[in-house]
Number of protein chains: 2
Amino acid sequence: MIERPQSITVSGTEALDVLRNATLSQVVQSEIEKIILSGAFQPGEKLNEKTLADRLGVSRGPVREAFQALHARGLVEMIPNRGVFVQEITRHDAVAIYDVRAGLFGTACRLLAERITTSQIGALKSLVAQMDVAGSQRDLEAYFPLNIAFHTAIVTGTDNSVLADAYFSMVRRLHLYRARGLVHGGGFESSNIEHRAILDTLDARNPHAAFEAGYLHVQAGKVRIMATDDTKTAVAS
Amino acid sequence: MIERPQSITVSGTEALDVLRNATLSQVVQSEIEKIILSGAFQPGEKLNEKTLADRLGVSRGPVREAFQALHARGLVEMIPNRGVFVQEITRHDAVAIYDVRAGLFGTACRLLAERITTSQIGALKSLVAQMDVAGSQRDLEAYFPLNIAFHTAIVTGTDNSVLADAYFSMVRRLHLYRARGLVHGGGFESSNIEHRAILDTLDARNPHAAFEAGYLHVQAGKVRIMATDDTKTAVAS
DNA sequence: TGGTTGCATATTGTCAGCAATTTGCAAAAC
DNA sequence: GTTTTGCAAATTGCTGACAATATGCAACCA
């Protein structure tokens with residue numbers, strides 16, 4: 001691996017520095033992805049090349065390159081001579097993505113169970129305890145980031161970036177599924193009960209049980225989301 | 001300069017049809033991918049934009065777009081202002097990819113066990129029987145495609161294209177791992193024994209056991225490959 | 001001899017423009 | 001009233017050209 005020289009930044013040369021480590025099309029890709037995932041564009045909505053290019057202050061070339069990457073990431077659909085559209089996720093698609101996410105998360109749990117350190121166990125225990133508190137107080141604002149941190153710690157804890165990338169890719173794509181709501185009272189308790197079950201299998205360093213606990217946790221989250229369908233109630237997965 | 005004629009060709013309308021359903025950059029992407037996976041370019045080797053563009057008879061634009069997609073697919077590495085290189089897969093990377101492939105294949109087995117039809121079971125039984133024959137005759141030429149067909153039937157049999165795409169993506173990336181050989185005598189028997197174990201769990205419609213059998217089968221393949229390291233002997237996975 | 005500097009060449013990054021296709025809409029035909 | 005036809009405008013697909021960066025090599029210096 002060749003080291004690229006780091007430019008000396010005195011102050012505020014960020015934009016310049018960014019372009020030293022990334023090409024413009026990569027920056028554009030990241031920007032468009034942010035816009036899509038923010039919900040500013042609805043699934044199925046068309047992304048106009050020139051409009052986006054003007055908005056980002058670049059020409060159409062980098063935008064077209066970014067589209068290719070976003071297509072490969074499953075975030076946009078491309079139709080020749082027609083244009084690029086924000087990917088639509090049907091209920092069937094969402095189920096499929098959830099199943100893959102469950103398999104990947106279960107696999108992460110399994111792999112982690114084989115190599116988890118006491119320090120990692122401690123960190124997860126802390127997160128579960130904090131979620132218990134947030135849950136008992138019905139404080140979703142606190143619960144949500146803890147929940148994400150718990151899942152992230154497990155997925156990244158395996159030291160398998162391929163697995164982590166694939167997992168986060170599924171999470172990202174699920175953000176495009178419209179029929180997901182925000183909060184549902186019942187999700188808290190059962191969700192953290194499952195977290196504790198996962199933690200127990202990791203603590204026991206039982207790979208087989210760890211997969212099962214992780215897989216079922218995501219599947220339970222899927223059921224909680226899917227049960228609400230298009231109602232505006234949802235769940236902590 | 002490529003011709004994009006509207007001419008009515010009686011027999012060879014292929015090129016026309018292709019460009020009606022796919023954009024040039026997609027064709028270019030597919031071509032470059034074929035070249036890479038054929039081994040014509042070594043991992044780590046640089047892919048020159050102009051050279052490739054000339055070779056394919058297009059300008060650099062479509063080639064650059066193809067690069068973005070190939071990068072997202074994990075087949076090339078991009079370094080700003082330096083160029084695009086065929087992705088190098090280290091031993092550590094290969095292990096990581098194998099672990100994900102195992103998780104995905106196990107998940108496919110699990111999902112399939114919940115919905116498999118008798119017709120699908122029959123097809124898999126036939127494949128295993130044929131592999132038994134090929135194995136007993138040590139006919140690798142016959143065994144190899146049957147082996148792929150068996151795995152493909154399971155992965156596509158779940159009717160989950162997200163899962164299938166992710167699985168095939170891992171298989172594709174493993175093709176870039178150079179330290180894999182071709183044949184090793186011992187692989188046959190154990191491999192098809194595992195196939196039969198998978199088949200049994202599917203036949204019993206036992207999701208839990210199916211995951212385990214599928215996961216362990218790929219893990220066993222990993223071990224068989226990795227054990228040989230850079231020796232030119234390898235294995236039927 | 002070993003290492004640095006400076007310039008010519010090669011390659012990448014980006015842009016503007018042209019050709020081809022699609023889209024929108026109004027007029028004509030039935 | 002509905003469908004079809006025929007432009008005009010908008011958009012996509014692709015290319016060639018220019019600017020910025022990296023590379024290779026020879027001359028120069030310690």
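Every heavy atom of this structure was used, including side-chain atoms; hydrogens, water molecules and symmetry mates were not. Chain letters run A, B, ... following the sequence lines, proteins first and then strands; every chain starts at 1.
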Expressed as a whole number of angstroms, how long is the span from [X]:[atom1] to [N]:[atom2]?
{"X": "B/Asn48", "N": "D/dA22", "atom1": "CG", "atom2": "P", "result": "16 Å"}
{"X": "A/Glu49", "N": "C/dA20", "atom1": "CD", "atom2": "C1'", "result": "14 Å"}
{"X": "A/Leu24", "N": "D/dA19", "atom1": "CG", "atom2": "C1'", "result": "14 Å"}
{"X": "A/Gln26", "N": "C/dT12", "atom1": "CD", "atom2": "P", "result": "14 Å"}
{"X": "B/Lys50", "N": "C/dT9", "atom1": "NZ", "atom2": "C1'", "result": "14 Å"}

I'd like to know if the side chain of [X] pairs up with that of [Y] as donor and acceptor (distance under 3.5 Å, no hydrogens or angles considered).
{"X": "B/Ser25", "Y": "B/Gln29", "value": "no"}
{"X": "B/Gln26", "Y": "B/Ser30", "value": "no"}
{"X": "A/Thr90", "Y": "A/Tyr177", "value": "no"}
{"X": "B/Tyr143", "Y": "B/Ser191", "value": "yes"}

Presence of A/Asn81 side-chain N/O under 4.0 Å of D/dT12 phosphate oxygens OP1/OP2: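 For D/dT12, neither OP1 nor OP2 has a side-chain N or O of A/Asn81 closer than 4.0 Å.
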Below 4.0 Å: OP1/OP2 of D/dC14 and any side-chain N or O of B/Thr23: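 True: B/Thr23 side-chain N/O within range (under 4.0 Å) of D/dC14 OP1/OP2.
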Pairs touching residues 154-172 of chain A that satisfy side-chain hydrogen bond (donor to acceptor under 3.5 Å, both in side chains), sequence neighbours left out: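 Every side-chain hydrogen bond (donor to acceptor under 3.5 Å, both in side chains) pair that includes a residue of residues 154-172 of chain A, provided the two are not neighbours, is A/Arg101-A/Tyr167.
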Strand-adjacent residues in residues 40-47 of chain B, judged by heavy atoms under 4.0 Å from DNA chain C: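 Hits under 4.0 Å, by residue number: B/Lys46, B/Leu47.
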Interface with DNA chain C, restricted to residues 51-65 of chain A and to heavy atoms under 4.0 Å: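 Only A/Val58, A/Ser59, A/Arg60, A/Pro62 qualify.
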Closest to side chain of B/Arg82, choosing from C/dT12, D/dT23, D/dT12: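 Nearest to the side-chain atoms of B/Arg82, counting from C-beta on, is D/dT23.
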SB check B/Arg173 B/Asp93 (cutoff 4.0 Å):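 Result for this pair is no, no salt bridge flagged.
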B/Arg110 versus A/Leu216, closest heavy-atom pair with distance: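 What the structure gives for the nearest pair is NH2-CD2, 4.2 Å.
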Considering all heavy atoms, the nearest B/Cys109-B/Ile198 contact: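 Taking every non-hydrogen atom into account, SG-CG2, 3.9 Å.
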Geometric class of the B/His151/B/Phe105 ring pair [parallel <30°, tilted 30-60°, perpendicular >60°]: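 Answer is perpendicular, since the angle exceeds 60°.
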